[in-house]
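Both backbone and side-chain heavy atoms feed into the values below; hydrogens, waters and symmetry mates do not. A note on names: the letters A, B, ... follow the listed sequences, proteins ahead of strands, and every chain is numbered from 1.
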2 protein chains.
Amino acid sequence: MVDHAPAARPATSTDVARLAGVSQATVSYVLNDAPGVKISEETRERVRRAAEELGYAPHASARVLRKGTSDIVLLPLPPFQIGGLFLSWLNDVGERLRQHGHTVVLYGDTRSKGVAAAREWAQWRPAAVIVEAHRLTRAAVRQLYAAGTATVIAIGAEPSPLVPTLLVDDYGVGATAADHLLDRGRTRLAAVVPAEPGLDAWGERRLAGVARAAAARGLEARRVDLPFDEDAAAALAASWAAGADRPDGVFGYNDDYAALLLAALGDAGIDVPGQIAVVGADDQPVARLVRPRLTSVRVTGRLDDDAVAARLHEMIVSRDRDPATVLPVNDFAIAQRDSG
Amino acid sequence: MVDHAPAARPATSTDVARLAGVSQATVSYVLNDAPGVKISEETRERVRRAAEELGYAPHASARVLRKGTSDIVLLPLPPFQIGGLFLSWLNDVGERLRQHGHTVVLYGDTRSKGVAAAREWAQWRPAAVIVEAHRLTRAAVRQLYAAGTATVIAIGAEPSPLVPTLLVDDYGVGATAADHLLDRGRTRLAAVVPAEPGLDAWGERRLAGVARAAAARGLEARRVDLPFDEDAAAALAASWAAGADRPDGVFGYNDDYAALLLAALGDAGIDVPGQIAVVGADDQPVARLVRPRLTSVRVTGRLDDDAVAARLHEMIVSRDRDPATVLPVNDFAIAQRDSG
C-alpha cells in the first residue's frame with residue numbers, strides 16, 4: 001500500500017503563521033474571511049499561499065464551538081422515489097443559499113423522524129433544518145431549538161402547526177388537471193393513485209385535488225389504484241374496453257403513470273383522447289416521447305429559486321419560528337398536447 | 001413572531017448529568033455509545049431520558065476536535081443532470097455505510113474542484129471523501145490527506161492515477177449495445193452523443209465503447225450528435241427517411257434519447273426494427289412506455305450495494321490510499337424488447 005500523505009502531523013494554523021511571517025490571529029482572520037478586519041491584500045495572499053503549501057484548511061468544528069452554532073443549513077434528504085425533480089429543485093435552492101453564505105449539507109438520512117432524527121441533526125448545531133413536515137414532532141423541534149438552531153422549516157403540502165412551512169401544494173396539481181378536463185366537457189373523471197407505498201400519500205393528495213375541482217361543479221371523481229406495472233395497466237384498459245364503468249377523462253398522477261396507462265389504452269384499441277382524455281403531471285420528457293403526446297400539468301414556480309432562497313435566508317437570520325409563516329412555492333399551468 | 005425555544009441557554013452535558021444524578025463522563029459515555037464501557041441499562045435509560053427532557057444532543061464538533069477527525073464520509077454531489085439513477089445508487093450505498101457506523105453527508109456543492117474544493121471539504125475533517133475523479137487534483141488530494149482524511153476515493157470511468165477508484169465503466173454500456181446489434185446482423189452502426197454540455201463527455205465514452213466493439217469486427221461506428229429536442233430528432237429522421245447514409249442499428253445513448261429518436265423514426269415512416277434497430281440504455285421506465293418497446297442495456301451491479309459499502313468501509317478503516325485499488329462496480333445485460 002502506498003501512502004501519499006506528505007506528513008505524519010496535519011499542519012496547524014501555527015505552522016501557517018510561521019511560514020507566512022504573521023500572527024496566528026491574522027491567519028485565522030484571513031482564512032475565515034472575518035469581516036471588518038483590515039489586512040492588506042499582499043498579506044492575505046501570503047497567508048493563502050502558505051496555507052496551500054502546507055495543505056492547511058481551517059477547522060469547521062473549532063469555528064462551530066467558538067460560535068455555538070454553525071452556518072450549516074441541514075437538508076435531510078427525502079427518499080429518492082418521490083422524485084429527482086424535487087431533489088433537483090432542492091439542490092438549486094441550496095446553491096443559492098450558499099451564495100447567501102450558508103453551508104448547505106444534504107444529510108443522507110432519508111428515513112429517521114421525530115426526536116431520534118432531531119438528536120442526530122442537532123449534533124451538527126445547524127443554523128437551520130429544512131425537512132419534510134411529516135418527519136417533525138413537537139419534541140423534535142424543541143430539541144433542535146434547544147441546540148441553538150435558529151429555525152426549523154417544514155416542507156409540506158399543508159402548513160405545519162409547529163414551524164414555518166415551505167408550502168409545496170400538491171392538491172393544486174390534481175385540481176388543475178381536473179379543471180382542464182372539465183373545461184373540455186369531460187364529466188366522468190377518474191384519478192390514478194399509485195399502489196406503491198411511499199407514493200400513495202402523494203397520489204391521495206393529488207386525487208383530493210381532483211375531487212375538490214369536480215365537487216365544485218357538482219361531480220364526483222373515481223379513484224383508480226394502479227401499480228407501475230404493464231399487466232395491471234393492461235387489465236384496467238381491458239375492463240374499460242369492455243365498457244365497464246368507463247371514465248371519459250383520467251388524471252394519471254404523473255407523466256410516468258399517465259404514459260403507462262396511455263400505452264395500455266392504445267394497445268386495447270381505446271381512442272385517446274376520443275374516448276378517454278388522459279392528463280399527466282410534472283411535464284417530464286416522457287410526455288413528448290409517447291404518441292399521442294401527453295398533455296401534462298406543469299408545476300411552475302410561484303417564486304423563482306432566487307426568491308425562495310432569499311426568503312429562507314431572511315427566515316434564518318431573523319430566527320423566524322412562527323408557524324404562521326407560510327411560503328407557497330409552486331403554481332400550475334397546463335402543457336397542452338394531444339392526449340386530452 | 002412566536003418563539004418556541006424552551007430556554008435561552010442550550011442545555012449542556014452538565015445539566016444532563018445533574019438531572020440524571022450521574023457524572024458528566026457517564027453522560028458522555030452513554031450518549032456517544034462509547035464501546036467497552038460497562039454501564040447498566042437502567043443508568044443508560046436515565047441518562048437518555050434526562051437528555052431528551054432537556055433537549056440535549058451531544059456536540060459533533062467537540063467530538064471531532066477531541067479525535068482530530070470525524071466519522072464523516074463526504075460525498076460531494078454530482079450535477080443532477082447526469083442522472084437520478086446514479087444519485088439514487090450513491091444514496092443506497094450511503095445508507096449501508098451508515099450501518100457501518102459512518103455519518104454520510106452528501107455535500108451540496110456540485111461544481112467546485114481542485115484545491116479550492118478540497119479546502120472546503122477538509123474543513124469537515126472527513127474520514128473519507130468519495131467524489132467524481134475529474135474534481136480531484138494532486139494538490140487537492142494532498143490537502144485532504146494533510147487534514148487527516150483517511151482516504152479519498154475517486155468515482156470514474158477510468159482508474160484514477162491519484163487515489164483508489166470506484167470504477168463505473170461507461171464504455172461497457174456502449175460496447176454491450178453494439179455487440180447486441182452486431183450479433184443480430186446489423187453492420188452500419190451509429191451512436192447518439194447528446195449535444196447538451198455536461199452529457200457530451202458521458203456520451204463520448206459510450207460512443208467509444210460502441211466503436212471498440214465495432215472495430216473488433218472490422219467495422220466502424222458513426223457519431224450522431226443530437227440535442228434532446230423534437231425538431232432535431234425529426235430532422236435527423238427525415239434525412240434517414242430520404243435514404244441519406246442510413247444506419248441499420250442505432251445506440252441511442254440512454255433510454256430518453258433512444259425514445260426521442262424512436263418516436264421521430266415512427267413519425268417519419270421508418271420501420272423499427274425492420275429498417276433501423278434502436279437500443280437504449282439504463283433500462284428506465286420509459287423503455288416500456290413507448291411502442292415498439294425499447295430494447296435497453298441494463299446496468300447491473302457486479303457487486304451489490306452491501307458489497308460495495310463493505311469494501312468502501314474496509315478501504316476507509318485500513319486507510320487504503322493506493323491508486324492500484326480499483327473497485328469495478330457495474331456489469332451489463334440486455335433487456336430484450338421489440339425495438340432491436
Completion exercise
Whatever's closer than 4.5 Å to a heavy atom in chain A on B/Arg288 counts as both
Exercise for the section: Please flag which part of B/Asp267 lies under 4.5 Å from any non-hydrogen atom of chain A: side chain, backbone, both or neither. Expected result: side chain
Exercise for the section: Select one option (side chain, backbone, both, neither) describing which atoms of A/Leu54 are under 4.5 Å from chain B's heavy atoms. Expected result: backbone
Exercise for the section: Please identify each residue that fulfils side-chain hydrogen bond (donor to acceptor under 3.5 Å, both in side chains) with B/Asn254, with sequence neighbours left out. Expected result: none
Exercise for the section: Kindly write out the residues that satisfy side-chain hydrogen bond (donor to acceptor under 3.5 Å, both in side chains) with B/Ser13, not counting sequence neighbours, or none if the list is empty. Expected result: B/Gln24
Practice task
Before accepting this row, confirm whether a basic side-chain N of the pair A/Arg142/B/Glu53 lies closer than 4.0 Å to the acidic partner's carboxylate O.
Solution key: no
Handout entry: Distance-minimising heavy-atom pair for A/Ala263 and B/Arg291
Key = CB-NH2, 3.2 Å
Fill in the blank from the handout: Closest non-hydrogen atoms of B/Ala259 and A/Leu289, given as atom of the first, atom of the second and distance, are CB-CD1, 3.7 Å
Problem - Distance, nearest 0.5 Å, that separates CZ of A/Arg48 from CZ of B/Arg119 - result: 8.5 Å
Practice task
Without swapping roles, check the side chain of B/Gln143 against the backbone of A/Glu52 for a donor-acceptor pair under 3.5 Å.
Solution key: no
Problem - Worked check of side-chain contact (heavy atoms from CB on, under 4.5 Å) between B/Glu230 and A/Arg293 - result: CA-CA 11 Å; B/Glu230 285 203 81; A/Arg293 291 176 182 81; 2.8 Å; yes
Problem - Largest heavy-atom contact set with chain A, pairs under 4.5 Å, which of B/Val163, B/Val115, B/Thr325 - result: B/Val115
